[in-house]
**Q** 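Here it is: the structure, laid out below.
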There are 2 protein chains.
Amino acid sequence: MAKWMWYPGSLELYHGMLLHNRRTHAKTYADGSVLSNYYYPMWRVDSPKHNSSLFKEATITEGEIFEFYSNADLACAVIDGQSYPVGARIELSPGKHKIYVRGFKSDGFPAYFCKGNVFASDRSWLVSEGDDKALRHAGDSSLYTEPCDNPLEFKFSYKRIEPVSVTRVDGGILWDFGKESFGIISIFGEDTEVLLSLGESYEEAIDYRFANCVINAKIKDGVFKSESCAFRYIFIPNSDKEYSIFADLEYLSLENKGAFRCDNDEINALWDICAYTMLLNSREAFFDGIKRDRWVWSGDAYQSYFVNYYLANDRDIIKRSIRMLRGGDPITKHINTICDYTFYWIISIWEYYFHSADKDFIADIYPDMLDMWKFIESRLDKDGMYDRKPDDWVFIDWSTFDSNGPMCAEQMLLARANECMAKCASLNGDDAMSKRCEEQYKFIKDEINKRYWCEEKGAFIDDYKSSKRNVTRHANIFALLFDYTSEERKESIIKNVIFNDNVTKITTPYFEFFELDAMCQIGNFKYMTDMLHSYWGGMLRLGATTIWEEFDPTKSGIEHYEMYGGKYEKSLCHAWGASPIYLLGKYALGVRPTDVGYSSYEIKPNLMCFGEIEGKVPTPTSEIYVKVKDGAVSVLSGIDGGTLVIGDRRYSIEKDKMLTVEI
Amino acid sequence: MAKWMWYPGSLELYHGMLLHNRRTHAKTYADGSVLSNYYYPMWRVDSPKHNSSLFKEATITEGEIFEFYSNADLACAVIDGQSYPVGARIELSPGKHKIYVRGFKSDGFPAYFCKGNVFASDRSWLVSEGDDKALRHAGDSSLYTEPCDNPLEFKFSYKRIEPVSVTRVDGGILWDFGKESFGIISIFGEDTEVLLSLGESYEEAIDYRFANCVINAKIKDGVFKSESCAFRYIFIPNSDKEYSIFADLEYLSLENKGAFRCDNDEINALWDICAYTMLLNSREAFFDGIKRDRWVWSGDAYQSYFVNYYLANDRDIIKRSIRMLRGGDPITKHINTICDYTFYWIISIWEYYFHSADKDFIADIYPDMLDMWKFIESRLDKDGMYDRKPDDWVFIDWSTFDSNGPMCAEQMLLARANECMAKCASLNGDDAMSKRCEEQYKFIKDEINKRYWCEEKGAFIDDYKSSKRNVTRHANIFALLFDYTSEERKESIIKNVIFNDNVTKITTPYFEFFELDAMCQIGNFKYMTDMLHSYWGGMLRLGATTIWEEFDPTKSGIEHYEMYGGKYEKSLCHAWGASPIYLLGKYALGVRPTDVGYSSYEIKPNLMCFGEIEGKVPTPTSEIYVKVKDGAVSVLSGIDGGTLVIGDRRYSIEKDKMLTVEI
């Protein structure tokens with residue numbers, strides 16, 4: 001089947017360029033006017049190439065008809081040295097042919113659609129710089145497979161939604177859509193200019209001078225349609241006129257193949273809310289949140305990939321996110337300017353391969369990985385460790401670290417990035433690179449254990465050069481999660497860090513992902529389910545319809561919405577909160593691949609605190625059903641290679657055949 | 001005065017992208033149809049950044065009004081931390097202010113125009129990658145200085161021109177505009193589709209199946225207007241209908257400050273034709289030729305710079321050409337894929353500085369030079385010399401060389417590039433780099449003399465590794481021109497190469513530039529004037545109205561128009577033929593700077609074969625008039641620092657005062 005094809009990365013750079021320029025921020029001016037202003041991206045935003053040249057050479061045994069389409073301003077197909085315009089329909093005789101398609105598009109990027117058999121357009125075409133030398137494979141996407149498709153328009157789905165209530169508040173009108181939403185607002189009324197104040201919370205919408213997003217709507221011919229935006233509440237202040245409003249929910253049509261149910265309603269509700277949070281943030285790529293940034297952040301996306309493996313298991317959105325985050329050349333700063341986010345980017349590619357077995361993508365992205373790895377290496381300190389550079393944002397988490405020097409958590413990620421790079425290099429036959437990364441990985445892991453371990457505190461400290469000997473959870477969680485220290489030290493970490501209330505608690509769902517993953521990995525499931533109830537449950541009990549960017553149970557009222565110095569700056573629909581889907585799928589249903597792409601896998605169900613559980617986990621080609629109820633485990637899998645593990649007992653799973661075992 | 005400003009290079013990359021995609025090539029298909037097809041550029045074409053962020057920080061002693069304009073799709077000005085939309089008019093109080101202007105434009109590039117005093121937009125603003133770190137100065141241009149200007153539209157001038165004759169030929173209609181032209185053709189007649197066959201020559205126009213450029217014109221509502229194109233003749237084949245045609249000559253409005261007249265009519269006509277050739281090829285940048293490529297080639301442009309110093313002396317077109325040729329990052333191939341063209345690019349920047357004293361531009365382009373120099377260095381062989389790489393086009397000239405190994409002419413240019421790079425580095429305070437380049441320059445010059453000199457032939461050979469010991473003019477000409485060998489060897493070169501008819505003659509005006517420059521430099525003016533008469537005069541006697549890409553006096557009829565395997569592929573209006581303007585200005589009028597930007601200069605007039613000469617040479621700020629007539633030299637100069645040299649006599653020239661000396 002033919003697909004639209006283009007210079008690889010063009011689709012992602014183009015839509016990434018558009019989405020990174022869609023952020024707005026409202027401001028109230030001295031004259032009382034409230035205006036939606038353009039908010040400039042915080043990092044270099046790259047654009048796709050406006051010229052491209054792709055070719056394919058092949059010998060065909062049967063004749064075929066070759067038809068050439070392009071969206072370009074100017075394009076031609078050069079078939080065996082003869083130039084043809086767009087729309088050409090050429091009979092290719094049996095034998096060897098070489099076809100170039102070439103084009104220029106000033107706004108957007110040139111894409112090509114070729115009907116044919118062997119010469120149908122897809123990834124098998126090669127890219128050149130205008131000459132005969134093949135650089136890499138063409139880019140394509142399963143979203144664009146028809147001649148009438150336009151890769152410059154992102155393929156969203158739409159669903160009409162109506163407000164659940166309209167009320168008059170403070171002399172204005174307030175619509176409530178019942179839950180967090182993202183889409184195009186239509187407002188109908190007399191022709192006029194009207195201010196729409198959007199709120200993820202009731203308080204944000206009516207406090208319109210401080211709302212994060214407003215729309216300066218000009219109703220013309222009785223109607224105004226907005227750009228896509230995030231809202232639950234819409235408020236028109238100071239108005240006695242009549243308006244009606246509806247919205248079109250804008251979303252990417254992904255099937256949630258994963259599922260989870262248990263006998264606890266709060267956990268079931270939480271799972272659904274996490275899935276809805278993911279739906280809203282799954283777009284051109286994985287967003288951080290839909291209200292404020294609407295940007296693609298590598299660390300945030302990294303976690304969304306893991307949730308995706310247990311929910312929609314859509315490869316395309318992961319590949320798009322990875323390419324978009326990579327950006328163009330030359331690399332001059334870390335991804336999103338954050339050093340840890342560059343490390344996650346490398347790690348995520350190996351994890352993607354491990355979950356998908358998609359070797360093509362690893363081959364396609366490998367040159368881009370190499371440049372990223374060289375960038376990382378060029379900025380290590382004389383000891384071969386990561387140390388803060390003036391341009392770098394050392395993030396790790398919204399927490400307080402002893403972070404002036406080389407931070408332990410960063411070395412953990414650097415080691416893991418090298419470990420993953422070594423595997424990807426090996427997969428691409430680059431053995432020299434694989435060896436080098438493997439050595440670096442081991443070296444850094446050893447240095448971490450030498451330099452950062454504090455016997456007195458029984459934990460890894462933030463900075464070995466600092467006299468503060470400060471302990472935070474983060475590096476210690478990585479040590480557990482990546483298995484980067486001895487069993488003895490792990491025991492010590494659990495006791496002296498995880499269960500030590502004097503070590504500052506995690507306040508972001510972001511880092512809870514890592515903490516709970518680590519704790520589940522070492523079998524402490526109670527820690528996880530307690531957190532689901534206390535931490536995530538805490539948000540639900542405050543009426544959350546999607547998961548928040550940050551949650552501090554000690555705060556109250558609109559304190560919960562404050563962040564970054566703004567009254568309502570906090571995102572109330574943040575993808576990094578959806579990790580319960582991953583955690584419950586991997587550790588309660590207990591499904592995880594033990595080799596690449598589920599070529600072998602284990603099902604090790606665990607009831608945890610629940611009376612019964614039931615659910616599904618998607619694999620690359622099928623789904624795995626698991627139920628634990630009434631003292632029995634039932635599993636049904638669409639693929640070979642599975643083992644059911646119950647305590648010390650191991651059972652081979654036969655494909656497409658229900659296996660039930662008593663526990 | 002405020003100017004529009006942008007991320008540096010954006011103007012050049014944008015218009016470069018457009019112009020490199022404007023080439024067409026006609027093709028006759030099996031069904032008899034003749035179609036104008038898009039011709040894809042031969043190298044990577046880069047585009048401007050679609051996002052940019054510029055800032056300026058300054059303390060103002062008086063208040064000023066700051067007004068903000070932008071062409072961007074989305075833009076904001078952030079003044080002392082507060083965001084304002086396009087159109088904002090803000091009073092700045094005395095004191096310190098920091099203003100960012102930021103924008104996104106999907107098609108083209110974002111540009112900004114700020115009214116103000118200290119904060120008026122221009123090069124003094126700095127560029128960042130979205131953060132506070134200054135990368136370099138903003139780009140601006142003296143072409144765009146009003147709020148209503150649009151930097152996305154190139155500022156050409158237009159002049160209505162009419163055909164000088166209309167005749168019926170071969171059942172079709174032929175219009176002759178009397179001389180080579182470039183512009184927009186308007187054709188009036190009945191609504192229909194009609195083929196316009198364009199010809200630089202009569203033969204090309206009427207031989208429409210083989211013409212290089214055709215237009216598939218759709219006359220609608222009685223009129224069709226073409227894109228800009230090159231033509232002298234326009235032919236509509238097989239038509240008995242009535243049409244009328246005129247054209248709008250499209251050109252860059254540059255004042256020809258240089259002038260030359262002598263008592264030889266052919267030379268005067270030649271000078272005018274050279275100036276007209278330059279006019280037609282002086283556009284967004286210096287073109288190679290207006291019919292076929294309409295591209296910017298570094299070696300071609302290099303020569304146009306020298307002609308420009310003696311004609312319009314327009315700095316902006318040189319700066320635009322240099323930036324356009326540089327392209328974007330990362331550098332993966334030589335400029336235009338040609339190694340010698342990369343070397344000329346480096347050399348041209350020093351020459352530009354030497355003629356203009358424009359230190360700002362050298363500072364602005366220096367980071368781009370550094371990357372280019374690193375690219376060159378990364379591809380030298382183990383001996384530190386240039387050797388052909390698989391991707392490289394080793395050009396030098398349209399001639400036959402022994403060019404499989406490291407070519408002597410390339411080492412000459414490599415040495416000269418290092419010599420110029422050393423000076424530019426020193427100018428920018430980069431002493432380490434300057435020292436390194438100086439050493440490399442001396443090393444390569446020595447190696448050339450060691451490796452390539454052949455005592456037996458008394459000349460430099462093409463390739464020291466080859467057993468052929470082949471001698472061509474090119475490297476030997478460079479040795480004379482750059483003064484890279486001993487006086488003794490120079491004598492030998494003149495005897496054994498230049499005046500040796502067994503060494504293949506130069507057939508391109510391109511390399512005649514270097515040969516004649518070298519011969520004039522060593523005082524052999526007769527060689528130059530003989531060539532003007534025989535070679536350039538040969539074209540004129542064949543009816544040329546502009547200078548050709550190549551000329552071989554031994555050919556006849558339409559053989560003259562053949563090139564690259566096409567009957568009419570040869571460009572008949574090629575910028576590289578305009579060197580007589582440079583040669584006559586520098587060696588007949590005898591005007592040349594002896595220090596940067598004419599801070600000191602010499603006038604050393606030479607009658608050559610002429611009875612009298614008179615003319616002008618532009619300097620950065622003024623003009624120098626020279627007349628040699630009736631046994632006296634008269635000079636009048638608008639600047640200080642001049643010396644008139646007549647034989648052994650030297651006379652100081654007083655500014656604005658005519659000096660007349662008998663010879």
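Everything numeric here is computed off the predicted structure, so don't read it as measured data. Chain letters run A, B, ... following the sequence lines, proteins first, then strands; residues in each count from 1.
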**Q** Side chains of A:Asn37 and B:Ser83: closer than 4.5 Å at any heavy-atom pair?
**A**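 Contact flag for A:Asn37/B:Ser83 side chains = yes.
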**Q** Please classify the contact between B:Ser53 and chain A as side chain, backbone, both or neither, with a heavy-atom cut-off of under 4.5 Å.
**A**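 Answer is both: backbone and side chain atoms of B:Ser53 are under 4.5 Å from chain A.
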**Q** With rounding to the nearest 0.5 Å, note down the distance linking NZ in B:Lys27 to CD in A:Gln82.
**A**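 Interatomic distance, B:Lys27 NZ to A:Gln82 CD, rounded to 0.5 Å: 3.5 Å.
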**Q** I'd like to know whether the aromatic ring centres of B:His50 and A:His20 sit less than 6.0 Å apart in this structure.
**A**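 That pair fails the under 6.0 Å test.
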**Q** Return the CG to OG1 distance between B:Asp329 and A:Thr332, rounded to the nearest 0.5 Å.
**A**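 Going from the CG atom of B:Asp329 to the OG1 atom of A:Thr332 covers 9.5 Å.
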**Q** For B:Asp391, is it the side chain, the backbone, both, or neither that has a heavy atom closer than 4.5 Å to a heavy atom of chain A?
**A**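 For B:Asp391, the side chain is the part near chain A, not the backbone.
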**Q** Name the member of B:Met17, B:Glu129, B:Lys49 that forms the most heavy-atom pairs with chain A at distances under 4.5 Å.
**A**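 So the answer, after comparing B:Met17, B:Glu129, B:Lys49, is B:Glu129.
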**Q** Under a 4.5 Å heavy-atom cut-off, does chain B meet the side chain of A:Thr337, its backbone, both or neither?
**A**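 Contact with chain B involves no heavy atom of A:Thr337 at all.
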**Q** Once the angle between the rings of B:Tyr29 and A:Tyr84 is folded into 0 to 90°, is it parallel (under 30°), tilted (30 to 60°) or perpendicular (over 60°)?
**A**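 B:Tyr29 and A:Tyr84: tilted rings.
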**Q** Looking only at heavy atoms, what is the nearest atom pair of B:Pro48 and A:Ser47, with distance?
**A**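 Shortest heavy-atom contact: O-OG, 4.3 Å.
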**Q** Using a 3.5 Å distance criterion without hydrogens, assess whether the side chain of A:Tyr40 forms a donor-acceptor pair with backbone atoms of B:Ser52.
**A**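 Judged by distance alone, yes, a pair lies under 3.5 Å.
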**Q** Rounded at 0.5 Å granularity, tell me how far OH in A:Tyr39 sits from SG in B:Cys76.
**A**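 Reported to 0.5 Å precision, the distance equals 10.0 Å.
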**Q** Does any heavy atom of chain B fall under 4.5 Å from the side chain of A:Lys333, the backbone, both, or neither of them?
**A**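 A:Lys333 touches chain B through side-chain heavy atoms alone.
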**Q** Mind checking whether A:Phe104 and B:Leu18 have side chains closer than 4.5 Å, heavy atoms only?
**A**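 Counting from C-beta outward, A:Phe104 and B:Leu18 do come under 4.5 Å.
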**Q** Check A:Asn21 against B:Leu74 and note the closest heavy-atom contact, atom names and distance.
**A**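 In this case the closest contact between A:Asn21 and B:Leu74 is O-CD1, 3.1 Å.
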